[in-house]
Amino acid sequence: MTQYANRSIVLAARPQGAPTPQDFRLQQGTAPEPAEGQVLLRTLYLSLDPYMRGRMNEGAAYAPPLALGSVMVGGTVSRVVASRHPRFREGELVLGASGWQDYALSDGADLTPLGDIARPSYALSVLGMPGFAAYHGLLHIGQPRAGETVVVGAASGAVGAVVGQIARIKGARVVGIAGGADKCAYVVDELGFDACVDRNDPRFAALLAAACPDGIDVYFENVGGAVFDAVLPLLNDNARVPVCGFIAHYNERELPPGPNRVPLLMATLLNKRVRMQGFIILDHYADGYAAFQRDMGAWVAEGSVKLREDLTDGLEHAPRALIGLLEGRNFGKVVVRVAE
């Protein structure tokens, strides 16, 4: 079998606050040979997502922490370059979780054949995990109804952009929140949101209230921080808040200073009968992924849902791209092109 040089990026140190390039290490090695029942995969595209920051911490959350020295985790689109597995042939494209490395072995249990997909990287975004998170969180927890106001945090990102477009399909009025005038223009002009408010504007809270004159019926939470502070008083009775993430706080090492806001939050949830529910999308593949694939595949094919990709070339640049994502410098779904 051909010997392949295999680069991998491992967790070198646990971040003390925001990650730095020194928290990652690029290693050189040789790709392993597949045993009977295994395939060797060549990574083509690597997905970068906010959840990766949590896996770098020492304490466990919904998934175990990464061990120091282990390969950074991540969803991937790969090509089978060698197969000793009856279900997979050399040359086919698969969706998997090879992580931050050029080559990886798999026994096939975690692989999904992609067939003749026109845009393979979409399997990591609108047709993959981020799209499924948007679909499940909005439709199963948010349950938007025609004429209601849906507000979406991080509206130009991988999940938020899809949330808003689905809400429009369901007949809701959609208001996005994004960081910068260019992102807001994209959300309205390209994605079809009814309005978008720049979270960096010093008048943000007042502008959001003006954009939601009838209050907020559904708020899809991706952000936390000052964004959630501005949303909270605008929630209507019986509002629904799917909690997908809170990226504003991922780098914090302790609770932020300031007054205790928990009583205000609890009073709002109680008095307005608000349903606020977190979800981990990995819990829902067995009972919901088939419906998502059917609906999202049709929406993408007909042009009702689209997504911008923020593409970085080169595995060696993945740390910089993840750091930028956590700082809000990305514009669209962050994908690393590891190989052609």
Side-chain angles (χ1 to χ4, degrees), residues 15 17-20 48-53 125 130 133-134 137 149-165 167-168 173-213 215-216 218-235 241-253 255-259 261 264-265 306-312 320-335:
T20 69
L48 297 185
D49 300 283
Y51 77 84
M52 295 173 176
R53 175 63 185 86
S125 57
T149 296
V150 175
V151 172
V152 186
S156 67
V159 175
V162 179
V163 169
Q165 292 174 90
R168 289 286 292 151
R173 180 176 180 272
V174 183
V175 177
I177 299 171
D182 55 342
K183 293 181 180 180
C184 283
Y186 165 75
V187 164
V188 173
D189 298 339
E190 298 294 326
L191 301 184
F193 285 45
D194 295 283
C196 188
V197 182
D198 183 358
R199 63 174 172 81
N200 295 328
D201 193 301
R203 304 166 297 159
F204 168 65
L207 292 173
L208 181 63
C212 304
I216 298 172
V218 180
Y219 172 55
F220 197 99
E221 174 65 295
N222 283 314
V223 182
V227 171
F228 184 72
D229 288 345
V231 166
L232 187 62
L234 303 178
L235 293 175
V241 182
V243 181
C244 184
F246 48 100
I247 194 170
H249 303 285
Y250 286 172
N251 290 326
E252 292 177 354
R253 301 176 60 191
L255 291 175
R261 305 296 298 280
L264 174 62
L265 172 62
K306 51 191 173 181
L307 186 68
R308 174 172 176 158
E309 291 182 318
D310 189 329
L311 196 64
T312 293
R320 182 192 68 196
L322 179 62
I323 291 168
L325 167 63
L326 295 170
E327 293 175 348
R329 289 191 275 113
N330 63 297
F331 196 159
K333 173 69 185 85
V334 181
V335 177

For [Y], is there any backbone N or O sitting under 3.5 Å from a side-chain donor or acceptor partner on [X]?
{"X": "E221", "Y": "V223", "value": "yes"}
{"X": "D198", "Y": "G180", "value": "yes"}
{"X": "D310", "Y": "F331", "value": "yes"}
{"X": "K306", "Y": "E190", "value": "yes"}

Any [X] side-chain heavy atom under 4.5 Å of [Y] side chain:
{"X": "L208", "Y": "V231", "answer": "yes"}
{"X": "Y219", "Y": "V227", "answer": "yes"}
{"X": "P130", "Y": "D49", "answer": "yes"}

Atom [atom1] of [X] and atom [atom2] of [Y]: how far apart are they, to the nearest 0.5 Å?
{"X": "K183", "Y": "S156", "atom1": "NZ", "atom2": "OG", "value": "4.5 Å"}
{"X": "L48", "Y": "L322", "atom1": "CG", "atom2": "CG", "value": "5.5 Å"}
{"X": "R53", "Y": "L325", "atom1": "CZ", "atom2": "CG", "value": "12.0 Å"}
{"X": "L207", "Y": "D201", "atom1": "CG", "atom2": "CG", "value": "5.0 Å"}
{"X": "T312", "Y": "R320", "atom1": "OG1", "atom2": "CZ", "value": "6.0 Å"}
{"X": "R173", "Y": "I216", "atom1": "CZ", "atom2": "CD1", "value": "10.0 Å"}

Exercise: identify the closest heavy-atom pair between [X] and [Y]:
{"X": "G224", "Y": "H249", "result": "C-NE2, 3.8 Å"}
{"X": "G179", "Y": "N200", "result": "C-ND2, 3.5 Å"}
{"X": "A158", "Y": "L307", "result": "O-CD1, 4.0 Å"}
{"X": "R199", "Y": "G328", "result": "NH2-CA, 4.5 Å"}
{"X": "C212", "Y": "T149", "result": "SG-CG2, 4.3 Å"}

Worksheet item: Can V174 and Q165 be said to form a side chain to side chain contact (heavy atoms under 4.5 Å, CB included), step by step?
Response: CA-CA 8 Å; V174 183; Q165 292 174 90; over 6 Å; no
Discussion item. Going by ring-ring contact (aromatic ring centres under 6.0 Å, His included), name the residues that satisfy it together with F204, two or more places apart in sequence or in a different chain.
Written reply: none
Worksheet item: Is a salt bridge present between R168 and D194, judged by a nitrogen-to-oxygen distance below 4.0 Å?
Response: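 Yes.
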Item to complete: Begin from the C-alpha positions of F220 and V159 and carry the test side chain to side chain contact (heavy atoms under 4.5 Å, CB included) through to its verdict.
Response: CA-CA 10 Å; F220 197 99; V159 175; 3.7 Å; yes
